[in-house]
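Only one structure is covered here, and it is reproduced in the block below.
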Amino acid sequence: MTTDQDWMAQAIAQANTAQYRTRPNPAVGCVIVKNEQIIGRGATAPVGGSHAEVFALKEAGMQAKDATAYVTLEPCAHYGRTPPCAEALIKAGLKKVVIATLDPNPLVAGKGLAMLNDAGIETIVGVLQHEAQAQNRGFLKVMAGGLPYVRLKIAASLDGRTAMASGESKWITGEAARQDVQHWRAISGAVITGIQTILADDAQLNVRNLLDVDLSEVVQPWRVILDRHGQLPLQAKILRSPATVMVMGPYREELAQLGVVQFEPQSLTDLLSTLKSAYKIYDVLVEAGATLSTSFLQDNLVDEVIQYIAPMYLGQTARALNQLNYESMQQRFQLKLLEVKQIHQDIRLRLQPVQHCCASHIEPS
């Protein structure tokens with residue numbers, strides 16, 4: 001017999017199909033089951049479109065009466081761009097709704113669950129909760145009152161070097177690892193970098209290639225450049241798409257004419273707060289050099305480190321991956337290993353700073 005976990009896994013798979021298109025909304029999946037058969041499937045549409053439950057109910061039609069819905073996030077209970085999904089499930093005559101995780105959004109926060117219960121619908125909460133939370137880490141963290149979820153991406157050699165002394169860094173990792181980075185950019189509302197990375201690599205930091213994904217459906221991340229001395233060249237490749245570029249630094253009229261968003265210099269914490277409140281950016285990827293990467297680490301702003309390790313040595317004169325400077329083992333910056341994956345000839349580590357291991361926000365899977 002198929003279990004609740006099996007059906008919820010199908011709903012999570014539906015949510016995965018929407019992961020690149022829904023920002024700033026969470027990616028949610030729903031399946032409706034009756035007589036051991038899926039009669040409706042749905043995933044969140046781009047902003048302004050229907051939620052997962054609506055698509056699943058439309059496919060199920062009249063068969064939805066007395067069926068069971070499996071949804072990866074608590075159905076909404078408020079009127080926004082779309083009517084409440086909890087109300088739609090009630091009207092369709094569902095007998096049971098299984099929810100992977102509750103929604104900390106103050107507009108929902110148990111209200112959707114209460115609506116279902118008040119209507120006499122049986123509910124179960126917490127089925128594959130961890131897996132469902134992993135799909136929307138930034139959204140859940142921000143809705144619970146936190147700053148955006150920050151991933152720090154690093155590519156280094158076996159001896160912990162990220163570039164030659166000259167700044168040359170193309171390429172430490174192989175093509176497959178660089179392709180993998182496209183996913184992390186695509187699930188991020190913003191990619192933050194420093195001006196030295198732009199000057200050294202002329203990086204664009206956009207999503208250019210996702211396997212088996214139509215790029216026209218991908219919400220491109222903002223590219224945020226920290227440029228305190230106004231060094232960004234107007235011919236930089238990143239300015240070919242200026243409408244998704246932000247620069248933190250002195251005001252420059254020539255950038256304003258291109259449509260670039262500009263911020264006055266501020267702390268990293270304040271920058272993250274601005275991205276959250278003004279632009280609904282909930283997931284941030286930091287792709288930067290040692291100086292900026294170290295600042296994010298030292299300010300305890302990193303939720304997850306994604307480190308690619310290439311099978312090579314670059315030598316002691318090459319640039320180190322960070323500028324942390326400790327004199328004793330007691331001072332060390334400790335991380336918790338979450339995942340190890342081989343990507344062709346490279347290794348990808350996912351790690352969590354230890355100071356976050358017991359915090360209240362969502363721990364990565």
Side-chain angles (χ1 to χ4, degrees), residues 9-31 41-47 49 52 55 72 128 131-139 149-156 169-193 197 201-223 237-238 240-241 244 281-288 303-312 338-351 364-365:
Q10 293 291 320
I12 287 173
Q14 287 294 309
N16 278 335
T17 68
Q19 63 182 328
Y20 302 132
R21 72 185 187 206
T22 66
R23 287 195 316 270
N25 292 339
V28 179
C30 176
V31 297
R41 296 175 176 84
T44 312
V47 171
F55 285 112
T72 59
L128 297 189
E131 291 82 350
Q133 290 175 339
Q135 294 180 308
N136 295 294
R137 293 192 188 104
F139 175 84
Y149 189 94
V150 176
R151 297 175 178 89
L152 172 62
K153 172 255 174 180
I154 302 169
S169 62
K170 294 183 178 179
W171 295 103
I172 292 176
T173 55
E175 182 177 349
R178 298 196 302 275
Q179 174 65 51
D180 190 68
V181 174
Q182 297 285 304
H183 162 75
W184 303 109
R185 289 181 185 171
I187 64 171
S188 301
V191 178
I192 297 180
T193 194
T197 297
D201 299 335
D202 203 10
Q204 298 184 70
L205 302 175
N206 56 353
V207 181
R208 296 188 294 277
N209 182 24
L210 283 169
L211 299 178
D212 303 319
V213 174
D214 182 354
L215 285 183
S216 68
E217 296 185 356
V218 176
V219 180
Q220 288 284 345
W222 287 92
R223 282 80 50 76
K237 289 180 180 177
I238 201 168
R240 292 176 181 175
S241 301
T244 54
I281 291 171
Y282 306 147
D283 291 87
V284 167
L285 181 66
V286 178
E287 292 192 59
D303 295 283
E304 184 176 344
V305 175
I306 301 170
Q307 182 163 334
Y308 298 88
I309 301 176
M312 64 177 69
L338 302 172
E339 180 189 60
V340 180
K341 181 177 181 180
Q342 183 171 347
I343 302 178
H344 195 52
Q345 288 296 302
D346 301 314
I347 298 294
R348 186 189 74 197
L349 305 178
R350 289 178 57 215
L351 308 118
S365 61

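Minimum heavy-atom separation, Phe55 to Gly42: CB-CA, 3.7 Å. Looking at every heavy atom in both residues, Pro24 comes nearest to Tyr282 through O-CE1, 3.3 Å. In this structure, Val31 and Arg41 approach most closely via the heavy-atom pair CG1-CG, 4.2 Å. Considering every non-hydrogen atom in both Leu210 and Leu215, the closest pair reads N-CD2, 4.1 Å. For the residue pair Pro221 and Ser188, the shortest heavy atom distance occurs at CB-O, 3.3 Å. For the pair Thr44 and Ala52, the tightest heavy-atom approach, listed with the atom from each and the gap, is N-CB, 3.9 Å.
Here Pro46 pairs with Arg21 under the side chain to side chain contact (heavy atoms under 4.5 Å, CB included) rule; sequence neighbours left out. Among residues two or more places apart in sequence or in another chain, the side chain to side chain contact (heavy atoms under 4.5 Å, CB included) test is passed with Val219 by Arg23. The salt bridge (charged side-chain N to carboxylate O under 4.0 Å, His left out) search around Arg223 returns none, not counting sequence neighbours. Residues meeting the side chain to side chain contact (heavy atoms under 4.5 Å, CB included) test with Ala176, sequence neighbours left out: Ile343, His344. For Asp214, the side chain to side chain contact (heavy atoms under 4.5 Å, CB included) partners two or more places apart in sequence, or in a different chain, are Ser216, Glu217. For Trp222, the ring pair (Phe, Tyr, Trp, His ring centres under 6.0 Å) partners two or more places apart in sequence, or in a different chain, are Tyr279.
The residue from Val181, Thr197, Ile192 that alone fulfils the side-chain contact (heavy atoms from CB on, under 4.5 Å) condition with Glu287 is Val181. Each of Asp201, Asn206, Asp202 was scored for a side-chain contact (heavy atoms from CB on, under 4.5 Å) with Gln204, with one residue passing: Asn206.
With hydrogens and angles ignored, the 3.5 Å screen pairs a side-chain donor or acceptor of Thr72 with a backbone N or O of Gly29. At distances below 3.5 Å, at least one donor-acceptor pair connects side-chain atoms of Asp346 with backbone N or O atoms of Gly174. A side-chain donor-acceptor contact under 3.5 Å links Gln220 to the backbone of Val207. Distance alone, capped at 3.5 Å, places no donor-acceptor pair between the Gln135 side chain and the Gln19 backbone.
A salt bridge is defined here as a Lys NZ or Arg NE, NH1 or NH2 lying under 4.0 Å from an Asp or Glu carboxylate O, and Asp283 with Arg151 meets this definition. Classification of Asp180 and Arg348 as a salt-bridged pair holds, one side-chain N sitting under 4.0 Å from a carboxylate O.
The distance from atom CD of Gln182 to atom CD1 of Ile187, rounded to the nearest 0.5 Å, is 12.5 Å. Rounded to the nearest 0.5 angstrom, Leu152 CG and Glu304 CD are separated by 10.0 Å. Separating the OH atom in Tyr20 from the CZ atom in Arg185 is a distance of 13.0 Å, to the nearest 0.5 Å. Atom CD1 in Ile347 sits 4.5 Å away from atom CD in Gln342 (nearest 0.5 Å). For the atom pair CG (Asn136) and CG (Asn25), the distance works out to 10.0 Å, reported to the nearest 0.5 Å. Here the CD-CG distance, from Gln307 to Leu349, works out to 6.0 Å after rounding to the nearest 0.5 Å.
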*Could you walk me through whether Arg178 and Trp171 pass the side chain to side chain contact (heavy atoms under 4.5 Å, CB included) test, one step at a time?*
CA-CA 9 Å; Arg178 298 196 302 275; Trp171 295 103; 3.2 Å; yes
